[in-house]
Peer 1: 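The structure's right below; bear with me while I get my questions together.
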Amino acid sequence: EALSISDRIAVMNHGVICQVAKPWEIYSAPKDAFVAGFIGATNLIPIEVAGAREGVLIGSCGQVSLALPAQDELEPGDQIKMALRPELIQILYQGETVPPTHWILAGRVTRVEYLGNMIKYEVSVADRVKLIVLSYNIDPSQLKKLGEEVKIHYPINRAMLFQEDQKA
């Protein structure tokens, strides 16, 4: 509700103001992992930076490798959190191509919620990594089933990175 009725929002954590900004700035550019998780649904994933490849960082969470936007201050071994909004993650359907600026992950559908114009999926890409995926205006013949193997993808440059030592 705060996003729809406000022209400025202040997010507080234990009585301390974390961020004051316009609703779309709070949502699309949160200052830290706490704000990202507090305003709107998000996937918060603990990541260890592994290295760089072809202009992007590569991080890992368990056995899963994830592409991260390049940031000069991050080095291999750094512990960070990556936030991905569920609407940014898309299911890859038969015959579709993925832009080179997206990262592809394989997973299994572990939850399906039909919400009318939207389907909310939970996709497990590893034992510890389950991502919420929102798909809009889906043709009913393309609905994924519980247990189905899928490929998902996200735009690398839209992943948000936060240092682990910040309050979350």
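This is a predicted model, so every value here is computed, not measured.
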Peer 1: If you group Ile, Leu, Val, Met, Phe, Trp and Tyr whenever their side-chain heavy atoms sit less than 4.5 Å apart, what else falls in with Ile5?
Peer 2: none

Peer 1: For Glu96, which residues count as a side-chain contact (heavy atoms from CB on, under 4.5 Å) partner, sequence neighbours excluded?
Peer 2: Leu92, Tyr93

Peer 1: Any chance you could measure Leu3, atom CG, to Ile9, atom CD1, to the nearest 0.5 Å?
Peer 2: 4.5 Å

Peer 1: Crowded around Tyr136 OH? As in, over 12 foreign heavy atoms under 6.0 Å?
Peer 2: yes

Peer 1: For residues 154-162, dump all side-chain donor-acceptor pairs below 3.5 Å to protein atoms at least two apart in sequence or in another chain.
Peer 2:
| from | atom 1 | to | atom 2 | distance (Å) |
| --- | --- | --- | --- | --- |
| Tyr154 | OH | Ala67 | N | 3.0 |
| Tyr154 | OH | Ala67 | O | 2.7 |

Peer 1: Which value, rounded to the nearest 0.5 Å, describes the distance between Ile89 atom CD1 and Leu105 atom CG?
Peer 2: 8.0 Å

Peer 1: According to salt bridge (Lys or Arg N to Asp or Glu O under 4.0 Å), does anything in residues 147-157 pair up with another residue at least two apart or in another chain? List the pairs.
Peer 2: Arg108-Glu149, Lys144-Glu148

Peer 1: Considering residues at least two apart in sequence or located in another chain, which fulfil the side-chain contact (heavy atoms from CB on, under 4.5 Å) criterion with Asp72?
Peer 2: none

Peer 1: Does any pair with a residue in residues 49-83 pass ring pair (Phe, Tyr, Trp, His ring centres under 6.0 Å), and if so which ones, sequence neighbours excluded?
Peer 2: none

Peer 1: How close do Thr42 and Ala83 get, heavy atom to heavy atom, and via which atoms?
Peer 2: OG1-CB, 3.7 Å

Peer 1: Taking only residues two or more places apart in sequence or in another chain, which ones pass side-chain contact (heavy atoms from CB on, under 4.5 Å) with Pro99?
Peer 2: Thr101, His102

Peer 1: Are any of the side-chain heavy atoms of Leu68 and Leu74 separated by less than 4.5 Å?
Peer 2: no

Peer 1: Ignoring hydrogens and angles, write down the donor-acceptor pairs under 3.5 Å from the side chains of residues 16-29, residues two or more places apart or on other chains.
Peer 2:
| from | atom 1 | to | atom 2 | distance (Å) |
| --- | --- | --- | --- | --- |
| Gln19 | OE1 | Lys31 | N | 2.6 |
| Gln19 | NE2 | Ala29 | O | 3.3 |
| Glu25 | OE1 | Lys22 | N | 3.2 |
| Tyr27 | OH | Glu87 | OE1 | 3.2 |
| Tyr27 | OH | Glu87 | OE2 | 2.5 |
| Ser28 | OG | Trp24 | O | 2.6 |

Peer 1: Report whether Leu131 and Val150 are members of the same hydrophobic cluster (ILVMFWY, side-chain heavy atoms less than 4.5 Å apart, transitive linking).
Peer 2: yes

Peer 1: Could you note down all residue pairs passing side chain to side chain donor-acceptor pair (under 3.5 Å) where residues 119-135 supplies at least one of them, sequence neighbours left out?
Peer 2: Thr110-Glu122

Peer 1: Could you work out, with side-chain contact (heavy atoms from CB on, under 4.5 Å) as the rule, every residue matching Ala126, not counting sequence neighbours?
Peer 2: Gln63, Val64, Val129

Peer 1: Which donor-acceptor pairs under 3.5 Å do side chains of residues 43-61 form with protein atoms, sequence neighbours excluded?
Peer 2:
| from | atom 1 | to | atom 2 | distance (Å) |
| --- | --- | --- | --- | --- |
| Asn43 | OD1 | Ile132 | N | 2.7 |
| Asn43 | ND2 | Leu84 | O | 3.1 |
| Asn43 | ND2 | Ile132 | O | 3.0 |
| Glu48 | OE1 | Gln79 | NE2 | 3.3 |

Peer 1: Same cluster or not: are Leu143 and Ile91 linked, directly or through other Ile, Leu, Val, Met, Phe, Trp or Tyr residues, by side-chain heavy atoms under 4.5 angstrom apart?
Peer 2: yes

Peer 1: Indicate, with yes or no, if Val112 and Met118 share a hydrophobic cluster defined by side-chain heavy-atom contacts under 4.5 Å among Ile, Leu, Val, Met, Phe, Trp and Tyr.
Peer 2: no

Peer 1: Who passes side-chain hydrogen bond (donor to acceptor under 3.5 Å, both in side chains) against Glu113, sequence neighbours left out?
Peer 2: Arg111

